[in-house]
Peer 1: 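Take this structure, written in structure tokens, and hold onto it; I'll ask about it next.
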Amino acid sequence: MDIQDVLNCVFSAWYPKFKDITIKSYILPLPKEFLDYLQADGVVLPEQSVAASGKHDEDDIEGEELDVDWDSADSSETKMPSFPEFESLMKKIIKNLGGSVFPKLNWSAPRDATWISFDKTLRCTCPSDVYLLLKSSEFITHDLTQPFLHCKDCANGSNVTVQYELILRKWQNLASGMEFRCFVRNGNLTAICQRNHTEYYEFITKMKEEIVSDIKAFFYHMVAGKFPSKNYVFDVYRRDKGKLLLIDFNPFGAVTDGLLFTWDELEGLRGDGQEDQQRNDQSEGSTSVTSSVETSNTQEPVFRFVEHPEGVQPHPYSSFGIPEDIKDLTSGEDPYKMMDLLNLKIQQMGRQDSCDEEGD
Ligand SMILES: Nc1ncnc2c1ncn2[C@@H]1O[C@H](COP(=O)(O)OP(=O)(O)OP(=O)(O)O)[C@@H](O)[C@H]1O
Ligand SMILES: [Mg+2]
């Protein structure tokens, strides 16, 4: 995986080519003030979004956090970030997309921050929902600070200027068992895995041949040859027989979750007819809980899914249910950060009704 492979997975790089087979979305270049806001410490919502300020009375906070406006002691000087034009554009787009959107930046969605939202999903109905999720997510911080981590040529990453964008996608009620992650190596579909790999879905066992055949047809007709990297990962949602929806592209490498595959295994599936015969020995004991549809034809993708209810695993993001801020609080290191966060949550609860009205 090199920097170019990661750049090929930027949403705005692939969306124009694939917009007919994916979810309707808008791409908004981030104004500098908004980018600064995302990169700043603290979780204050912008001026337009909240009626009441979340300011603290104390001014005795030391260190870098003093640069953040929320800790000002003088209410007349309390500055909240403000980007009215960007916000009104977001409102228009949310309305245009039916009132509910799924937000992400160039590569990542704030999936680790759902604990902070009302319905524990990424569904946003107004700009402040989007701000709160983006500001609370370490995955978003990764996009902003180290997008080229693990690239072979990452030493050159500092020469690449990334134009950051907010992506607003029309909200879809997706059933988790129907989404699959597909791994492409040397231009060939080598592996498929159920996307939500911590659950058991009885129907997958029953329909495994159909699922593989639909995904293969989708790949070879709609995706292969159009995506510029030789190695990549894409996620697909199988709504019904023969009805597939492209969800996202991801780099082929450790930054992408291999789910029920290890990256050693995935790299062993060469996709050029010379597969590494050792791959089945490397599945780290997962064979009792997962299954693969494999044939002697080396072009056939390996399909892996949870085959028995006992194969259910802990949710990989359960650790994100305890936010860093709470860890800071329990260690006594940063109580103000936590107070800020709780204030924010209270504000959000208070304005939920007005948020719904904004969406109308
Ligand atoms: N428009 C949408 N509405 C509802 N859910 C969505 C939408 N788009 C994506 N999702 C769900 O959210 C998940 C994550 O989306 P996406 O792949 O865009 O984020 P990501 O940060 O790139 O995740 P990953 O790192 O796993 O690829 C998808 O697998 C899908 O289940
Ligand atoms: Mg993705």
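Read the numbers this way: they start at 1 and go in the same order the structure lists the ligands and their atoms.
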Peer 1: Using a 4.0 Å cut-off to any heavy atom of Asn250, which atoms of ligand 1 qualify?
Peer 2: 22 (O), 27 (O)
Peer 1: Given the ring of Phe261, does Arg304 sit roughly above its face, with NZ or CZ under 6.0 Å from the centre of the six-membered ring and within 45° of the axis?
Peer 2: yes
Peer 1: On the ring face of Tyr37, is Lys135 found with NZ or CZ under 6.0 Å from the centre and within 45° of the axis?
Peer 2: yes
Peer 1: Applying a 4.0 Å heavy-atom criterion (strictly less than), which segment of Asp257 is in contact with ligand 1: side chain, backbone, both, or neither?
Peer 2: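 Neither part.
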Peer 1: For Gly98 versus Lys170, what's the shortest heavy-atom pair and its separation?
Peer 2: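 Between these two residues, the closest heavy atoms are CA-NZ, 4.2 Å.
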Peer 1: Does an N or O from Ile23, backbone or side chain, lie closer than 3.5 Å to an N or O of ligand 1?
Peer 2: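 No.
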Peer 1: Quick one: does ligand 1 sit under 4.0 Å from the side chain of Arg123, the backbone, both or neither, non-hydrogen atoms only?
Peer 2: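 Arg123 to ligand 1: no contact under 4.0 Å from either part.
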Peer 1: Minimum distance, heavy atoms only, to atom 15 (O) of ligand 1: which one of Phe11, Phe102, Trp171, Phe139 is it?
Peer 2: Phe102
Peer 1: Can you measure from OG1 (Thr141) to CG (Leu134) and round to the nearest 0.5 angstrom?
Peer 2: 9.5 Å
Peer 1: Considering the heavy atoms of Ala109, write down every atom of ligand 1 situated less than 4.0 Å from one of them.
Peer 2: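 In order of numbering, the contacting atoms are 19 (O), 20 (P), 21 (O).
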Peer 1: Please verify whether a non-hydrogen atom of Arg181 lies at under 4.0 Å from ligand 1.
Peer 2: yes
Peer 1: Please list, in number order, the atoms of ligand 1 under 4.0 Å from a heavy atom of Arg195.
Peer 2: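 Numbered from 1, ligand 1 contributes 24 (P), 26 (O), 29 (O).
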Peer 1: Classify the side-chain pair Thr190/Arg185 by whether it contains a donor and acceptor separated by less than 3.5 Å.
Peer 2: no
Peer 1: How wide is the angle at the Mg ion (ligand 2) between OD2 of Asp248 and OD1 of Asn250, to the nearest 10°?
Peer 2: 110°
Peer 1: Just which atoms of ligand 1 are under 4.0 Å from any heavy atom in Arg169?
Peer 2: 1 (N)
Peer 1: Mark up the atoms of ligand 1 that fall under 4.0 Å of a heavy atom belonging to Lys170, in ascending order.
Peer 2: 1 (N), 2 (C), 3 (N)
Peer 1: Going by the side chain to side chain contact (heavy atoms under 4.5 Å, CB included) test, name the single residue among Trp107, Phe227, Tyr15 that passes it with Phe249.
Peer 2: Phe227
Peer 1: Please determine if Glu179 has a nitrogen or oxygen closer than 3.5 Å to a nitrogen or oxygen of ligand 1.
Peer 2: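 Among all N and O atoms of Glu179, at least one is under 3.5 Å from an N or O of ligand 1.
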Peer 1: Could you tell me, atom by atom, which parts of ligand 1 come under 4.0 Å of a heavy atom of Ser108?
Peer 2: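 Counting from 1, the qualifying ligand atoms are 21 (O).
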Peer 1: Within less than 4.0 angstrom of ligand 1, does Trp107 place any heavy atom?
Peer 2: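 Within the 4.0 Å threshold, so yes.
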Peer 1: For atom NZ of Lys120, is the number of surrounding heavy atoms from other residues, nucleotides or ligands below 6.0 Å larger than 12?
Peer 2: yes
Peer 1: Please could you name the atoms of ligand 1 that Lys104 approaches to less than 4.0 Å, counting only its heavy atoms?
Peer 2: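 Counting from 1, the qualifying ligand atoms are 16 (P), 18 (O), 19 (O), 22 (O).
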Peer 1: Less than 6.0 Å separating the ring centroids of Phe34 and Phe83?
Peer 2: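 Ring centroids of Phe34 and Phe83 are less than 6.0 Å from each other.
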Peer 1: Taking side chain as C-beta onward, heavy atoms only, is His142 less than 4.5 Å from Leu149?
Peer 2: yes
Peer 1: Treating Ile, Leu, Val, Met, Phe, Trp and Tyr as nodes and any side-chain heavy-atom pair under 4.5 angstrom as an edge, say whether Leu97 and Leu166 lie in one connected cluster.
Peer 2: yes
